[in-house]
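Starting from 1, each residue takes its place in the sequence as its number.
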Amino acid sequence: METALQAFKPGRAWLGEPRSVPLSIAHRGASAYAFDNTLRAYEIAHELGADMWEVDVRLTVDRVPVAFHDEDLKAICGLDLKVADVTAARLQALTAESGREAPLFSQIAGLAARLGAGIYLDAKEGEAASLAIAELLAHRIERVIVGANTSDYASELIAGGCPYPVSILVGVGKDPFPIADQCGAEIVHPCWERAGQRPDRLLDEAFFARARDRGLPVVTWHEERVDVVEALVKMPILGICSDQPEMVARFARSAVTSPEIVCHRGACKVAPENTLASAKAAWAAGFDYVEIDVQETADGQLVVHHDTTLDRTTSGSGAITEKTGAELALLDAGRKFDPFFEGESIPPLCAVLETALRMGGKLYVELKQADPHHTVTKVLRMMAAEDVFFWAHDVGRLRAIHDAFPQAKLMVRAEDFESLDTCLSTFRSGIVEFNATNAGPAAFEAVRAAGRKAMIAYMGNDPSEIKRLLALKPDLFNVNEPFLVARMLGKSI
């Protein structure tokens, strides 16, 4: 480690940098959307806006630090083997066979350096910590916290000259401050996620006064409850761990209010399209709208699915309109996207509506092969008309909604009409959608003069094209890459 120390000496100034909200620390990566401690979990964590990644590190028999939480391979591989008894190569082979390859810590350090992420290191033993720290220094990563589960281990790290700040993790029912005083930890980390429904209420003014007196920043447990996260981000906290780092990261960009982001088929790059998982991910990240596609089954049930057939995204095959709701409920709509989502189902429309209400989300409902009266009636019984808009490629379905539901907000596409004037006069639409080729300031001005909103649909991932389209200042932006757009908007504040 000495050579690495001589090459790069990290500072601690970042601990005291002013920040509007706490750092988002992805717990074992974005472990709500990928197998924990895998490269994919950390790649998704970056996509979701995490500032730091919490990584569990163990040592193999050939002294290679690897990202792995458990002491043994029982849970992941079904084998009665300890990580410490296998080589790194064998560990990677065994875990790859199970569909969740354990990465070398050097791979994670390299990825973090490339993406600009910090690391919260949870090393399970001293030598694993030393070797992992050497990797972090070699990759010149400055924003690092080294976590210790016991005061003895924290003292050992500090006495050994750990170049990074050491955090002491403290369980429920224990006072973190005498423990920190004893071991000399520079950060306190209460692991109080199981301390009732509102553990945030334990962090009162007296708690923070004691932290301030000692000059100790605070990092909190991994948290995924909306009300608790919303309370924690308002506190003088250094960082919040979460399996869903987007829940914390959303507050860092809360000043960006325009355009409203429409997530095409949900957060479809993070979770399987048109599933509850993708809708929840989009709304948890603070995006405004989720776009869904509605189909009708053979027995008249409304479900959310894009294609007319089941083959591309599910374990089933054939036309969706020839299946009953009960038959669709037996299918898997997640595994083809990623084995992590095995068991994710084709959601009934009512389940998506209930989720939108619970999470405060809005919907863009596209009618595929679904009866317009049935669909709109169900939607507007549950959601306020101002929180949803409708579109159908079939003009007949669009006309049926227009005639029967004067309160329903419609979207129309400029490209479907001979002129913009015709587009604006044909339907009582609230939103006019443009694409990357027909969007422009003059068209937007005409749409707004008519009392409508302008939306751009762009399903690509070219940052320069996104920048160009954002410069047109649409009211809504319908995209496949909402997190990329969010990062670009955040940089432009």
Will you find, in the side chains of Ser98 and Thr95, an N or O donor that is under 3.5 Å from an N or O acceptor?
-> no
Are the charged groups of Arg140 and Glu142 less than 4.0 angstrom apart, N to O?
-> no
So, for Pro103 and Ile108, which heavy atoms are closest and what is the spacing to 0.1 Å?
-> CG-CD1, 3.8 Å
Flag yes if more than 12 heavy atoms outside Lys453 fall under 6.0 Å of its NZ atom; otherwise flag no.
-> no
Sequence neighbours excluded, the answer for ring pair (Phe, Tyr, Trp, His ring centres under 6.0 Å) partners of His374 is none
Donor-acceptor under 3.5 Å (Asp332 side chain, Gly343 main chain) | yes
Is the shortest distance from a Lys or Arg side-chain nitrogen in Arg100 or Asp36 to a carboxylate oxygen in the other one below 4.0 Å?
-> yes
Would you say Ile240 and Phe251 make side-chain contact, with heavy atoms under 4.5 Å?
-> no
Sequence neighbours excluded, which residues qualify as side chain to side chain donor-acceptor pair (under 3.5 Å) partners of Glu342?
-> Arg335
Do side-chain atoms of Ser24 reach the backbone of Glu246 as a donor and acceptor pair under 3.5 angstrom?
-> no
Would you say Val219 and Ile237 make side-chain contact, with heavy atoms under 4.5 Å?
-> no
With no hydrogens and no angle check, is any side-chain donor or acceptor of Glu366 less than 3.5 Å from a backbone partner on Ile292?
-> no
Measure the spacing between CG of Asn37 and CD of Glu101 and express it to the nearest 0.5 Å.
-> 13.5 Å
Is the side chain of Arg468 donor-acceptor paired with the backbone N or O of Ala436 at a distance under 3.5 Å, no angle test?
-> yes
Taking every heavy atom of Trp221 against every heavy atom of Leu203, the minimum-distance pair comes out as CH2-CD1, 3.8 Å
Examine distances only and state if a side-chain atom of His139 and a backbone atom of Glu135 form a donor-acceptor pair shorter than 3.5 Å.
-> yes
Closest approach of Ala404 and His373, non-hydrogen atoms and distance?
-> CB-NE2, 3.5 Å
Is it true that Lys362 and Glu260 have a side-chain N and a carboxylate O under 4.0 angstrom from each other?
-> yes
Using atom types as modelled and distance alone, determine if a side-chain donor or acceptor of Gln107 lies under 3.5 Å from a backbone N or O of Leu104.
-> yes
Within 6.0 angstrom of Gln407 CD, more than 12 heavy atoms from elsewhere | yes
With distance as the sole criterion, is a donor-acceptor pair present between the side chains of Glu224 and Gln244 under 3.5 Å?
-> no
Report the C-alpha distance between Thr355 and Leu353 in whole Å, list the side-chain angles of each, state the deciding distance to 0.1 Å, and finish with yes or no for side-chain contact (heavy atoms from CB on, under 4.5 Å).
-> CA-CA 5 Å; Thr355 303; Leu353 297 174; over 6 Å; no
Verify whether the ring centers belonging to Phe405 and Phe390 lie closer than 6.0 Å.
-> no
Are any non-hydrogen side-chain atoms of Leu232 and Asp200 less than 4.5 angstrom apart?
-> yes
Donor + acceptor pair across side chains of Asp299, Thr297 (<3.5 Å) = yes
In this structure, are over 12 heavy atoms from other groups packed under 6.0 Å from Glu386 atom CD?
-> yes
Verify, without hydrogens or angle tests, whether Asp122 (side chain) and Glu54 (backbone) share a donor-acceptor contact under 3.5 angstrom.
-> no
Give the minimum heavy-atom separation between Met459 and Asn478, together with the two atoms involved.
-> CE-O, 3.4 Å
Any donor-acceptor pair under 3.5 Å from Asn274 side chain to Asp293 backbone = yes
ring-ring contact (aromatic ring centres under 6.0 Å, His included) contacts touching residues 290-337 (sequence neighbours left out) = Phe337-Phe341
Non-neighbouring partners of Tyr458 that pass ring pair (Phe, Tyr, Trp, His ring centres under 6.0 Å), sequence neighbours left out = none
Ignoring hydrogens and geometry, is there a side-chain-to-backbone donor-acceptor pair from Gln295 to Gln369 under 3.5 Å?
-> yes
So, Arg452 and Ser429: side-chain donor and acceptor under 3.5 Å apart, yes or no?
-> yes
4.5 Å side-chain heavy-atom contact, Leu137 and Pro10 = yes
Within-4.5 Å side-chain heavy-atom neighbours: Phe417 and Leu424 | no
Taken in chain and number order and not counting sequence neighbours, the residues that satisfy side chain to side chain donor-acceptor pair (under 3.5 Å) with Thr313 are none
Step by step, would you call Glu273 with Lys336 a salt bridge (Lys or Arg N to Asp or Glu O under 4.0 Å)?
-> CA-CA 11 Å; Glu273 66 176 59; Lys336 283 189 175 180; over 6 Å; no
CD of Glu43 to CG of Leu115: how many Å apart, nearest 0.5 Å?
-> 8.0 Å
Hey, is Asp227 close enough to Arg225 for a salt bridge, meaning N to O under 4.0 Å?
-> no
Using a distance-only test with no angle check, is there a side-chain donor-acceptor pair under 3.5 angstrom linking Asn435 and Glu415?
-> yes
side-chain contact (heavy atoms from CB on, under 4.5 Å) evaluation trace for Tyr164 with Ile133 | CA-CA 8 Å; Tyr164 294 112; Ile133 288 169; 4.0 Å; yes
Lys378 atom NZ, over 12 foreign heavy atoms within 6.0 Å = no
Return yes if some donor-acceptor pair links the side-chain N/O of Ser242 with the main-chain N/O of His222 below 3.5 Å, else return no.
-> no
What closest approach, in Å, do Ala45 and Pro245 show between heavy atoms, and which atom pair accounts for it?
-> CA-CG, 4.4 Å
Are Asp338 and Tyr33 close enough that a side-chain donor and a side-chain acceptor fall under 3.5 Å?
-> no
Counting only heavy atoms not in Arg312, do more than 12 fall under 6.0 Å of its CZ?
-> yes
Hey, what do you get for CZ (Phe427) to OG1 (Thr422), rounding to the nearest 0.5 Å?
-> 12.0 Å
Donor-acceptor side-chain pairing of Asp243 and Ser31 below 3.5 angstrom | yes
Answer yes or no: are there more than 12 heavy-atom neighbours, outside Glu465 itself, under 6.0 Å from its atom CD?
-> yes
Measure the CG-SG distance between Asn480 and Cys268 for me, rounded to the nearest 0.5 Å.
-> 4.0 Å
Working for side-chain contact (heavy atoms from CB on, under 4.5 Å), residues Val55 and Arg28 | CA-CA 5 Å; Val55 188; Arg28 306 179 194 172; over 6 Å; no
Give every residue pair that meets the ring-ring contact (aromatic ring centres under 6.0 Å, His included) criterion with at least one member in residues 347-368, sequence neighbours excluded.
-> Tyr364-Phe389
pair Val303-Ile320: side-chain heavy atoms closer than 4.5 Å | yes
Where do Tyr289 and Trp283 land on the side-chain contact (heavy atoms from CB on, under 4.5 Å) test, with the steps shown first?
-> CA-CA 8 Å; Tyr289 284 90; Trp283 287 320; 5.9 Å; no
In terms of heavy-atom contacts, Phe340 and Ala32 come closest through CE2-O, 3.2 Å
